[in-house]
Amino acid sequence: MNLVKVSATGQITIPIEIRRLLNLKSGDKVQFYQKQDGEVVLSNASARAIRKAQTAFEGAAEAMGIVSVDDVQALIDEVRYGKEL
């Protein structure tokens with residue numbers, strides 16, 4: 001357990017163990033959110049956004065019939081050059 005002190009301006013220093021755990025680097029953004037049980041959670045905002053996007057797109061490739069690297073390249077070519085799949 002890590003205990004930190006809140007400054008007069010509301011700032012805190014995130015302990016090194018937590019920064020390492022969340023893979024936080026200088027300049028990264030963190031996000032606080034409250035779970036339904038009232039617990040407040042601190043997360044790496046970038047990592048959370050990536051996980052959210054991955055979840056949102058889960059199954060999209062299969063639904064589009066993309067099953068190989070060649071299919072991905074064909075889709076890229078279609079978007080870039082207007083070529084048909």
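All residue numbers refer to positions in the sequence shown, counting from 1.
A 4.5 Å side-chain heavy-atom check between V41 and Q31 finds every atom pair outside the cut-off. Residues T13 and V4 fail the side-chain proximity criterion, which asks for heavy atoms closer than 4.5 Å. Contact of the L75 side chain with the E78 side chain is registered, since non-hydrogen atoms from C-beta on lie closer than 4.5 Å.
Between the side chain of N23 and the backbone N or O of R20, no donor-acceptor pair lies under 3.5 Å. A donor-acceptor pair under 3.5 Å is absent between the side-chain atoms of S43 and the main chain of A45, judged by distance alone. Checking side-chain atoms of R19 against main-chain N and O of K25 turns up no donor-acceptor pair under 3.5 Å.
Transitive grouping of hydrophobic side chains (ILVMFWY, heavy atoms separated by less than 4.5 Å) brings L24 and V40 into a common cluster. By the rule that hydrophobic residues join a cluster once side-chain heavy atoms approach within less than 4.5 Å of another member, I14 and F32 end up as members of one cluster. Linking Ile, Leu, Val, Met, Phe, Trp and Tyr residues whenever their side-chain heavy atoms come within less than 4.5 Å leaves V30 and Y33 in two separate clusters. At a threshold of 4.5 Å between side-chain heavy atoms, the hydrophobic network of Ile, Leu, Val, Met, Phe, Trp and Tyr places M64 and V72 in one connected group.
Looking at every heavy atom in both residues, E17 comes nearest to N2 through OE1-OD1, 3.5 Å. Shown here for D71 and G65, the closest heavy-atom pair between the two residues is OD2-O, 3.4 Å.
To the nearest 0.5 angstrom, L42 atom CG is 6.5 Å from I12 atom CD1.
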